[in-house]
Amino acid sequence: MNEEPGPICTTNAHDDALTGAVLLDVREQAEVQALAFDVPEWIHLPFSELTQRWSELPSDRDVLVVCQNGDKSAEAAQFLQRMGMSRVKPVRGGILLWMQKGYPVKGQRFEAAPESDPSSASPIPAGTP
């Protein structure tokens, strides 16, 4: 039985992204338009579409799941692991920690996370395998 992935540190994620891993950004479109990761290979698949489109992701490569602060990436990585993707790792701290470490981004840098929308619910239904 595979264990669900634990988060990896931002430094390891940055190094892995430069040596062949794919960064999977699960933030929503507006967040990505304002600020995006600047890495060689990057996939944007919004968290709200993950349950419908997860099979589009590469299964033969390491996939590093990132979000704003690390919360949604952990949930997304657990879902992908349950779907049979064994090479998935959530990244601790999201784009906020990525920027604090000085790693490259495209767009406007900011210091504080925007207020979260309490009405946004997880698109992953309870009881999903």
Side-chain angles (χ1 to χ4, degrees):
M1 179 178 194
N2 290 341
E3 292 183 24
E4 291 186 347
I8 66 169
C9 77
T10 307
T11 301
N12 287 345
H14 176 261
D15 293 347
D16 290 352
L18 295 178
T19 59
V22 176
L23 218 63
L24 170 62
D25 191 338
V26 296
R27 295 177 301 143
E28 297 303 319
Q29 186 66 34
E31 294 173 298
V32 171
Q33 286 177 328
L35 185 68
F37 291 89
D38 188 3
V39 294
E41 292 193 61
W42 169 82
I43 296 171
H44 176 232
L45 177 56
F47 189 78
S48 61
E49 299 175 20
L50 189 64
T51 58
Q52 295 82 30
R53 297 181 50 206
W54 69 270
S55 62
E56 298 173 21
L57 298 172
S59 59
D60 61 340
R61 313 243 327 259
D62 288 340
V63 176
L64 309 175
V65 186
V66 292
C67 64
Q68 188 76 8
N69 63 13
D71 294 338
K72 285 187 180 176
S73 61
E75 187 176 347
Q78 289 174 357
F79 168 76
L80 293 170
Q81 181 80 6
R82 289 192 306 267
M83 296 297 103
M85 294 188 68
S86 61
R87 298 181 70 177
V88 174
K89 303 172 191 174
V91 178
R92 184 181 310 122
I95 199 166
L96 296 177
L97 186 55
W98 183 274
M99 287 187 314
Q100 286 178 358
K101 297 250 182 176
Y103 298 136
V105 294
K106 296 177 184 177
Q108 181 181 356
R109 289 179 170 263
F110 54 89
E111 297 302 319
E115 290 186 32
S116 61
D117 180 1
S119 66
S120 63
S122 171
I124 301 173
T128 299

Please determine whether residues Leu18 and Trp42 belong to a single hydrophobic cluster, defined as Ile, Leu, Val, Met, Phe, Trp and Tyr linked transitively by side-chain heavy-atom distances below 4.5 Å. no
Roughly how far, to the nearest 0.5 Å, is the CD1 atom of Ile95 from the OG atom of Ser73? 12.0 Å
If you measure from OG1 on Thr10 to CG on Asp15, what distance do you get to the nearest 0.5 Å? 11.0 Å
Calculate, to the nearest 0.5 Å, the distance between atoms CD and CD belonging to Gln68 and Glu31 respectively. 5.0 Å
All heavy atoms of His44 vs all of Arg27, minimum pair found to be NE2-O, 2.7 Å
Which atom of Trp98 lies closest to which atom of Pro104, heavy atoms considered: NE1-O, 2.9 Å
Is there a side-chain contact between Val22 and Leu57 (heavy atoms, below 4.5 Å)? no
Using the ring of each side chain (for Trp, its six-membered ring), is Trp54 parallel, tilted or perpendicular to Phe79, with breaks at 30° and 60°? perpendicular
State, with a plain yes or no, whether a side-chain heavy atom of Lys89 is found less than 4.5 Å away from one of Asp16. yes
Minimum heavy-atom separation for Pro58 to Met85, with atom names? O-CE, 3.3 Å
Would you sort out whether Leu64 and Asn12 count as a side-chain contact (heavy atoms from CB on, under 4.5 Å), showing the intermediate values? CA-CA 10 Å; Leu64 309 175; Asn12 287 345; over 6 Å; no
So, for Pro90 and Ala74, which heavy atoms are closest and what is the spacing to 0.1 Å? CB-CA, 3.8 Å
Give the minimum heavy-atom separation between Asp60 and Arg87, together with the two atoms involved. O-NH1, 2.7 Å
Would Val91 end up clustered with Leu97 when hydrophobic side chains under 4.5 Å apart are linked, directly or stepwise? no
Quick one: are Lys106 and Leu35 in side-chain contact, heavy atoms under 4.5 Å? no
Here the pair of heavy atoms bringing Ala76 nearest to Val65 is CB-CG1, 3.9 Å
Look up atom CG in Asp25 and atom NZ in Lys72, then write down how far apart they are to the nearest 0.5 Å. 11.5 Å
Rounded to the nearest 0.5 Å, how far apart are CE of Met83 and OG of Ser59? 14.5 Å
When rounded to the nearest 0.5 angstrom, what distance separates CG in Leu45 from CG in Leu24? 5.5 Å
Going hydrophobic residue to hydrophobic residue with side-chain gaps under 4.5 angstrom, can you get from Leu23 over to Leu96? yes
